[in-house]
Amino acid sequence: MHELSIAQNVIETVKQHIAEEDLWRVGSITMRIGELGGVMTDSLEFCYGALTADTPLSTSSLRIERVPFQIECLECHRSSLNERGFAVCPFCGSGNTKILSGDELHIIAIELNEAAETNI
């Protein structure tokens, strides 16, 4: 289950970019995940929730944007989406293609909630 290690890496990345005293303010972490990566988003969200329970990140959540697998043919110069991850051009049959999208695994945003005002 590589979703557990991905969730651990997400938490470590958040801790690298957000001061420890502000971790409780993290509302959501937006990730862009390609269809080709084989990441099971339900498992990733479960692992993230389990790892952040009883921590300052316990009220935060993952927002996941799925990115379709898309290739460009270097022979006929056409782009196509492909649900199965085949890197063969459906138009001309060439295997001379490059991946345009679908293999991403990025954190693209960490959203912080506003700090509550306290009256002293």
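By the side-chain contact (heavy atoms from CB on, under 4.5 Å) test, Thr55 is found to be paired with Thr52, Leu57, residues two or more places apart in sequence or in another chain being considered. Scored by the side-chain contact (heavy atoms from CB on, under 4.5 Å) test, Ser79 finds Gln70, Glu72, Leu100 as partners (sequence neighbours excluded). Listed by chain and number, the residues in a side-chain hydrogen bond (donor to acceptor under 3.5 Å, both in side chains) with Arg78 amount to none (sequence neighbours excluded). Applying the salt bridge (Lys or Arg N to Asp or Glu O under 4.0 Å) test to Glu104 and every residue at least two apart in sequence or in another chain returns nothing. Partners of Glu75 according to the side-chain hydrogen bond (donor to acceptor under 3.5 Å, both in side chains) rule, which considers only residues two or more places apart in sequence or in another chain, are Asn96. Pro68 pairs by the side-chain contact (heavy atoms from CB on, under 4.5 Å) definition with Leu81, not counting sequence neighbours.
Interatomic distance, Gln8 CD to His2 NE2, rounded to the nearest 0.5 Å: 13.0 Å. The CG atom of Leu62 lies 10.5 Å from the CD1 atom of Ile6; values are rounded to the nearest 0.5 Å. In this structure, OG1 on Thr30 lies 9.5 Å from CD1 on Ile64, to the nearest 0.5 angstrom. Here the straight-line distance linking atom OG1 of Thr41 with atom CD of Glu45 works out to 5.5 Å at 0.5 Å rounding. Note: Glu12 CD to Leu51 CG = 10.0 Å, rounded to the nearest 0.5 Å. Annotation: the span from Asp22 atom CG to Asn113 atom CG amounts to 11.0 Å, rounded to 0.5 Å.
In this structure, Phe91 and Ser80 have side chains that are in contact, with non-hydrogen atoms separated by less than 4.5 Å.
Both Leu44 and Val26 are part of a single hydrophobic cluster, where members link through side-chain heavy atoms under 4.5 Å apart. The hydrophobic clustering, which links ILVMFWY residues whose side-chain heavy atoms are closer than 4.5 Å, places Ile99 and Ile33 apart. Following chains of ILVMFWY side-chain contacts shorter than 4.5 Å, one cannot reach Leu36 starting from Val67, and the two form parts of different hydrophobic clusters. Following chains of ILVMFWY side-chain contacts shorter than 4.5 Å, one can reach Ile11 starting from Leu105, so the two form part of one hydrophobic cluster.
In this structure, Arg25 contributes its side chain and Leu112 its backbone to no donor-acceptor pair below 3.5 Å. Using modelled atom types, one side-chain atom of Asn9 and one backbone atom of Ser5 make a donor-acceptor pair closer than 3.5 Å.
Residue Cys73 comes nearest to Thr97 through the heavy atom pair CA-CG2, 3.9 Å, listed as atom of the first residue, atom of the second, then distance. Between Phe86 and Ile71, the shortest heavy-atom contact is O-CD1, 4.1 Å. Of all heavy-atom pairs between Ser43 and Glu3, the closest is CB-CG, 3.8 Å.
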CA sep, side-chain torsions, deciding dist, call: Ser28, Ser60, side chain to side chain contact (heavy atoms under 4.5 Å, CB included): CA-CA 5 Å; Ser28 65; Ser60 66; over 6 Å; no
Derivation of the side chain to side chain contact (heavy atoms under 4.5 Å, CB included) call for Ile107 and Arg32: CA-CA 6 Å; Ile107 295 173; Arg32 191 167 286 147; over 6 Å; no
side-chain hydrogen bond (donor to acceptor under 3.5 Å, both in side chains) between Ser61 and Tyr48, worked out: CA-CA 8 Å; Ser61 63; Tyr48 180 82; over 6 Å; no
Side chain to side chain contact (heavy atoms under 4.5 Å, CB included) between Val10 and Met31, worked out: CA-CA 9 Å; Val10 168; Met31 297 185 68; 3.7 Å; yes
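Salt-bridge formation is detected for the pair Glu35/Arg66: a Lys NZ or Arg NE/NH1/NH2 atom is positioned less than 4.0 Å from an Asp or Glu carboxylate oxygen. Salt bridge Arg63/Glu111: present, at least one basic N to carboxylate O contact under 4.0 Å.
Around the CD atom of Glu21, the shell of radius 6.0 Å holds more than 12 heavy atoms that belong to other residues, nucleotides or ligands.
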